[in-house]
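Reviewing the structure listed below.
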2 protein chains.
Amino acid sequence: MHLSPAYKTIFKNALEKSSLKPTKQREHIFSLILNKKDHPTADEIYTRSRETMPSISLATIYNCLETLVESGLIRQVNFERESTRYCPNLKPHAHFLCKDTGTIYDVDLPASVFDTLKKHLPKNFQPEQIDINFNGSIKKINNNS
Amino acid sequence: MHLSPAYKTIFKNALEKSSLKPTKQREHIFSLILNKKDHPTADEIYTRSRETMPSISLATIYNCLETLVESGLIRQVNFERESTRYCPNLKPHAHFLCKDTGTIYDVDLPASVFDTLKKHLPKNFQPEQIDINFNGSIKKINNNS
DNA sequence: AAGTGTAATTAGAATAATTCTAAATTAATT
DNA sequence: AATTAATTTAGAATTATTCTAATTACACTT
Ligand SMILES: [Mn+2]
Ligand SMILES: [Mn+2]
Ligand SMILES: [Zn+2]
Ligand SMILES: [Zn+2]
């Protein structure tokens, strides 16, 4: 579980831009999220982290996740009041929660969709973030010819 | 604090469609949310409710809000991990949270925007709900001539 | 190398929104 | 009136997250 040289540079630069240190724990958590591209909760990340870094604490998980979000390396995803989930996909995209399985899917969206949305805001509203969350079910595809 | 005859009918019909009873408490909470068109939390609704119905309990607030949401009379609004807020506006719209004041604004959107969003989903994804949340600041309009 | 200062990590306690439980109340039905 | 089912209620329980205070790690100076 470790970062490619390319991501290591991205990681260090993002943190140093905010004068934060690229610590072992921060890198460990970042690499875990990057390498398994789902949308884990803090607690899932805690469990996965301890497999290879048994001494890490839950408080550190929360601290590091906050740091990674603030540095722009990962995104938070919230559905209703469920635990916050974390997402390494930095391209513009929406999220779809399947209410049958609980799985969250990335839905890629062209930048134009976000631009259109912004056009509907009053001129003095200045959005910093736009979250688009779908909620529904996924129909099984019929595979019989 | 009470419902117009038109809304009283809507209220009764929506509940009876799910074989739920149009109780005093449910009507009280619904009218509070309808008459002050902001986005109150359960706790704010609790405080407002007790002004005219001092014996209502917080558990009832939560129970009634859940019932009203399930009946389609109000919507839930969630930003990050903040307390859930409730919205009486049933037209298609998005929400904008001003991070300076904490105020949530309704942003009306034409149905076409939601249709466009749906077009970007894989064909077997069947959305039941779409939440669009903006997060940012609101620039003061310069009123000097 | 030892000492200093600051940031990060850690364990565990605290918080707070929400949900749960079980009893009491209400309202409809026989 | 008695029976039943739904709703309300008070208070306890839950749980994700935040907070606190102590420890550790590490860069920089002496
Ligand atoms: Mn994402
Ligand atoms: Mn709304
Ligand atoms: Zn994602
Ligand atoms: Zn609204």
Side-chain angles (χ1 to χ4, degrees), chain A residues 11-12 14-32 39-50 52-71 73-86 97 102 104, chain B residues 11-12 14-32 39-50 52-71 73-86 97 102 104:
Chain A
F11 172 72
K12 286 194 167 170
L15 289 171
E16 280 163 6
K17 198 187 319 178
S18 322
S19 35
L20 296 167
K21 298 182 181 161
T23 65
K24 220 172 130 55
Q25 287 88 344
R26 285 170 179 166
E27 179 173 339
H28 189 67
I29 291 171
F30 183 49
S31 75
L32 277 176
H39 295 88
T41 62
D43 211 65
E44 286 164 353
I45 294 165
Y46 181 42
T47 301
R48 291 185 201 170
S49 292
R50 277 184 301 176
T52 39
M53 187 182 274
S55 62
I56 201 168
S57 76
L58 183 55
T60 299
I61 302 290
Y62 276 103
N63 291 340
C64 290
L65 287 171
E66 185 181 14
T67 299
L68 293 171
V69 170
E70 280 169 5
S71 311
L73 290 165
I74 61 175
R75 278 175 56 178
Q76 282 183 318
V77 183
N78 287 284
F79 275 91
E80 310 270 321
R81 300 276 311 161
E82 290 180 18
S83 310
T84 297
R85 294 173 173 278
Y86 297 87
L97 171 66
I104 291 175
Chain B
F11 171 72
K12 286 195 167 170
L15 289 171
E16 280 162 9
K17 199 187 319 176
S18 320
S19 34
L20 296 166
K21 299 187 180 156
T23 65
K24 220 172 129 55
Q25 288 88 344
R26 286 170 179 165
E27 178 175 339
H28 189 68
I29 291 171
F30 183 47
S31 75
L32 277 175
H39 295 87
T41 63
D43 211 65
E44 287 165 351
I45 294 165
Y46 182 42
T47 301
R48 290 185 203 171
S49 292
R50 277 184 302 175
T52 39
M53 188 181 273
S55 61
I56 202 169
S57 77
L58 182 56
T60 299
I61 301 291
Y62 277 101
N63 291 340
C64 290
L65 287 171
E66 185 180 13
T67 299
L68 293 172
V69 169
E70 281 170 3
S71 311
L73 290 165
I74 60 175
R75 279 175 55 179
Q76 283 183 318
V77 183
N78 288 282
F79 275 91
E80 309 270 322
R81 297 281 308 164
E82 290 180 18
S83 310
T84 297
R85 295 173 172 275
Y86 296 87
L97 171 66
I104 291 176

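Below, each value reflects all heavy atoms present in this structure, side chains not excepted, and no hydrogens, waters or symmetry copies. Given the structure is predicted, the values throughout are model-derived calculations rather than measurements. A note on names: the letters A, B, ... follow the listed sequences, proteins ahead of strands, and every chain is numbered from 1.
Taking atom CD of A:E80 as the reference point, atom P of D:dA16 lies 16 Å away to the nearest angstrom. Atoms OH (B:Y46) and P (C:dA17) sit 13 Å apart, rounded to a whole Å. Computed from coordinates, the A:I56 CD1 to C:dA11 P distance equals 10 Å when rounded to whole Å. Rounded to an integer number of Å, the gap from B:E27 CD to D:dT7 P is 15 Å. Protein atom CD of A:E66 is 12 Å distant from nucleotide atom P of D:dT17, rounded to whole Å.
For the OP1/OP2 pair of D:dT17 and a distance below 4.0 Å, the side-chain nitrogens and oxygens of A:T84 include at least one atom meeting the criterion. A sub-4.0 Å separation between OP1 or OP2 of D:dA16 and a side-chain N or O of A:R81 is absent. Checking the phosphate oxygens (OP1, OP2) of D:dT9, a side-chain nitrogen or oxygen of B:Q25 falls inside 4.0 Å. Taking 4.0 angstrom as the limit, A:Y62 places none of its side-chain polar atoms (N or O) nearer than this to OP1 or OP2 of D:dT18. OP1 or OP2 of D:dT8 has not a single side-chain nitrogen or oxygen of B:S57 nearer than 4.0 Å.
Contact detail for B:G102 and B:L97: the closest heavy-atom pair is O-CD1, 3.4 Å. Nearest approach of A:I45 to A:Y86, heavy atoms of both residues: CD1-CD1, 4.1 Å. Here the closest non-hydrogen pair linking A:A14 and A:S71 is CB-O, 3.9 Å.
Distance alone, capped at 3.5 Å, is enough to place a donor-acceptor pair between the B:E44 side chain and the B:T41 backbone. The closest donor-acceptor contact from the side chain of A:R48 to the backbone of A:D43 lies at 3.5 Å or more, if one exists at all. Listed for the A:R26 side chain is a donor-acceptor partner under 3.5 Å among the backbone atoms of A:K21.
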Yes or no on side chain to side chain contact (heavy atoms under 4.5 Å, CB included) for A:V69 and A:R75, after CA distance, side-chain angles and deciding distance?
CA-CA 6 Å; A:V69 170; A:R75 278 175 56 178; over 6 Å; no
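Using a 4.0 Å heavy-atom criterion, one finds that A:T67 contacts no nucleic acid atom at all. Across all strands, B:D43 comes closer than 4.0 Å to no nucleic acid atom at all (heavy-atom distances). Using a 4.0 Å heavy-atom cutoff across all strands shown, A:T41 reaches no nucleic acid atom at all.
The side chain of B:T60 lies closest to D:dT8 when the candidates are C:dA8, C:dT10, D:dT8. In this structure, the nucleotide among D:dG11, C:dT9, C:dG12 sitting nearest to the side chain of A:A59 is C:dG12.
Within residues 14-24 of chain B, the residues having any heavy atom under 4.0 Å from DNA chain D are, by residue number, B:L20, B:K21, B:T23.
The only option from B:T52, B:T23, B:T60 that meets the side chain to side chain donor-acceptor pair (under 3.5 Å) definition with B:H28 turns out to be B:T52.
You'll find the side chain of B:N78 stays beyond 4.5 Å of the side chain of B:R85, heavy atoms only. In this structure, the side chains of A:S18 and A:E70 stay at 4.5 Å or more apart for every pair of heavy atoms.
Relative to the axis of its first five pairs, the axis of the last five pairs of the helix from C:dA1-D:dT30 to C:dT30-D:dA1 sits at 10°, rounded to 10 degrees.
Residues A:S83 and B:N63 both approach DNA chain D. Their nearest nucleotides, taken by heavy-atom distance, put B:N63 toward the 5′ side.
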